[in-house]
Amino acid sequence: MRRVGAFVVLALLVAAVIGFAGAPTFWKRYAVVWAHGGRFPVSVYAPREPVPGGNLGPAPRVAPELELLDRQSLTAAADYAGKYGSRALIVSRHDHLVFERYWQGTSFDTVEDAGEFGRVLLALAVRIAISDKKLAWPDEPIGYVLKEWAGDARGAITVRNLLQMSSGLAPAGSLRNPWSRAAKEAFGTDIDAQYLNWPLAAPPGRQWLEQSADPQLLARVLERATRQRYAHYLSESIWKRIGAADASLWLDRDGGAAHVDRGFLARQGDWIRVGELLLKDGNYQGDEIVVPGWVTQMIRPAKAHAGYGFYVRLGSPALPDTTPYATDDVFLVAAGGNRLWLVPSLQIAILRTGEPADDWDDARIANLIIRGARDFVPPQARPGADLSRLVPHH
């Protein structure tokens with residue numbers, strides 16, 4: 001038995017050596033990430049491709065009172081954010097910055113990894129591609145664009161399915177397992193090949209599963225349809241036009257495919273611009289970036305998940321066991337611990353950046369700010385309701 005055990009260990013060591021020799025970049029990335037406890041340090045995000053921006057200054061800064069927001073409520077929200085290791089809390093209303101608080105040496109201009117925030121840019125870029133007549137309509141089967149899947153069951157997946165995380169593609173597995181699809185996508189040097197070989201596990205549109213496969217595959221569809229690099233299309237169609245600073249995307253290899261779910265390095269304050277674009281239904285400071293009505297589609301519940309739209313969460317906070325939102329029209333862009341809360345009825349955008357926090361109320365920051373708006377009309381108090389929770393300072 002000892003000889004058998006020793007043989008197995010030796011065989012694993014040989015396999016590891018051969019694997020490293022054949023894929024050194026994969027194993028280097030894998031080792032660095034797990035040496036950091038599963039977090040992706042910026043050093044992993046190489047090579048990168050530029051996403052040139054318009055490089056305009058931030059929106060005008062005004063006192064909260066001029067936008068009918070309660071300063072004490074904003075301060076309470078900041079105190080809560082600071083307690084849970086946040087890096088920034090930025091609030092805007094009606095295209096004005098009304099509140100900013102920074103921690104850990106950061107500022108509006110600090111470049112951060114946006115994580116899954118990048119998905120919402122992809123959703124916006126898809127509608128621009130439809131306007132440009134590069135894609136036909138959201139329910140177009142992707143087999144028309146991905147010729148490798150023409151005649152394949154996976155070719156019936158639609159653009160809408162990918163936007164709603166309901167492609168039916170098989171689960172990716174654990175990132176910790178180096179032989180999983182998740183690890184090969186995250187650390188590998190040919191992620192397009194991974195996606196084109198990804199198996200189907202359920203009929204498209206029937207089940208919801210949040211994983212990188214759907215947005216990554218949609219980015220490839222966009223590149224094929226537009227015949228442009230993903231970074232270039234994002235830059236020209238959105239990033240420059242909203243005045244954001246130069247950013248960059250992580251590539252799997254030199255000249256290779258861009259990651260959508262991680263490695264988008266951008267100035268953290270520029271995500272407030274994206275929030276304002278979403279609040280104004282695709283219009284940014286008078287410039288129609290995306291045709292009206294698309295954001296309405298983005299916040300329409302998916303058939304497979306009533307709390308999810310086009311890469312946005314609807315109706316309730318991202319984390320379970322959390323206080324409900326103070327108003328029912330809040331929608332959320334979530335990325336790890338980063339949060340971008342949008343409140344269309346009040347035209348408020350709230351950005352929190354930072355690591356995921358344990359044991360925190362995922363709606364508290366948004367609710368403090370919402371209830372601190374002087375023009376906020378709270379829901380009718382039910383019998384026995386605590387009015388002090390509905391109206392601040394009462």
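- Taking the six-membered ring for Trp and the full ring otherwise, Phe187 and Trp27 have centroids separated by 6.0 Å or more.
- Distance NE2/His94 to CG/Leu279: 9.0 Å, rounded to 0.5 Å.
- In this structure, Asn197 places its CG atom where more than 12 heavy-atom neighbours from other residues, nucleotides or ligands lie under 6.0 Å away.
- Contact between Ser237 and Ile289 at its shortest, heavy atoms only, is O-CG2, 3.5 Å.
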Step-by-step side chain to side chain contact (heavy atoms under 4.5 Å, CB included) determination, Leu368 to Ile370: CA-CA 6 Å; Leu368 283 165; Ile370 290 168; over 6 Å; no
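- To the nearest 0.5 Å, the span separating CD1 on Ile348 from CD1 on Ile369 amounts to 7.5 Å.
- No donor-acceptor distance shorter than 3.5 angstrom exists from the side chain of Arg313 to the backbone of Gly307, with no hydrogens or angles considered.
- Residues Leu222 and Ala129 share a closest heavy-atom pair of CD1-CB, 3.5 Å.
- No donor-acceptor distance shorter than 3.5 angstrom exists from the side chain of Gln268 to the backbone of Thr110, with no hydrogens or angles considered.
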Pair Ser86-Arg352, side-chain hydrogen bond (donor to acceptor under 3.5 Å, both in side chains): steps then yes or no: CA-CA 7 Å; Ser86 298; Arg352 181 264 183 183; 2.7 Å; yes
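- Applying ring-ring contact (aromatic ring centres under 6.0 Å, His included) to His259 and the options Tyr45, Tyr230, Tyr195, Trp250 leaves one that passes, Trp250.
- Atoms CG and OH, from Asp361 and Tyr84 in turn, are 8.5 Å apart once rounded to the nearest 0.5 Å.
- Contact check on Glu223 versus Arg220 returns a salt bridge, with a Lys/Arg side-chain nitrogen under 4.0 Å from an Asp/Glu carboxylate oxygen.
- Judged by a 6.0 Å distance limit and a 45° cone about the ring axis, Arg300 is not positioned over the six-membered ring of Trp294.
- For the pair Arg154 and Trp198, the cation-pi test (distance below 6.0 Å, angle within 45°) is failed.
- Aromatic ring centroids of Trp239 and Phe264 lie under 6.0 Å apart.
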Arg253 vs Asp190, side chain to side chain contact (heavy atoms under 4.5 Å, CB included): CA-CA, chis, key distance, verdict: CA-CA 7 Å; Arg253 64 186 186 279; Asp190 192 353; 3.9 Å; yes
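- Taking CZ of Phe108 as the reference point, atom CD1 of Ile90 lies at 5.5 Å (rounded to 0.5 Å).
- Aromatic ring pairs are classed by plane angle as parallel below 30°, tilted from 30° to 60° and perpendicular above 60°; the pair Tyr30 and Phe26 is parallel.
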Test side-chain hydrogen bond (donor to acceptor under 3.5 Å, both in side chains) applied to Thr327 and Asp329, step by step: CA-CA 6 Å; Thr327 183; Asp329 69 328; 3.2 Å; yes
Side chain to side chain contact (heavy atoms under 4.5 Å, CB included) between Ile350 and Phe99, worked out: CA-CA 9 Å; Ile350 306 163; Phe99 187 83; over 6 Å; no
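- Taking 4.0 Å as the cut-off between side-chain N and carboxylate O, Lys240 and Glu236 count as a salt-bridged pair.
- Comment: Arg93 does not engage Glu276 in a salt bridge, judged by the lack of any side-chain N to carboxylate O separation of less than 4.0 angstrom.
- Between Arg119 and Asp261 a salt bridge is recorded (basic side-chain N to carboxylate O distance below 4.0 Å).
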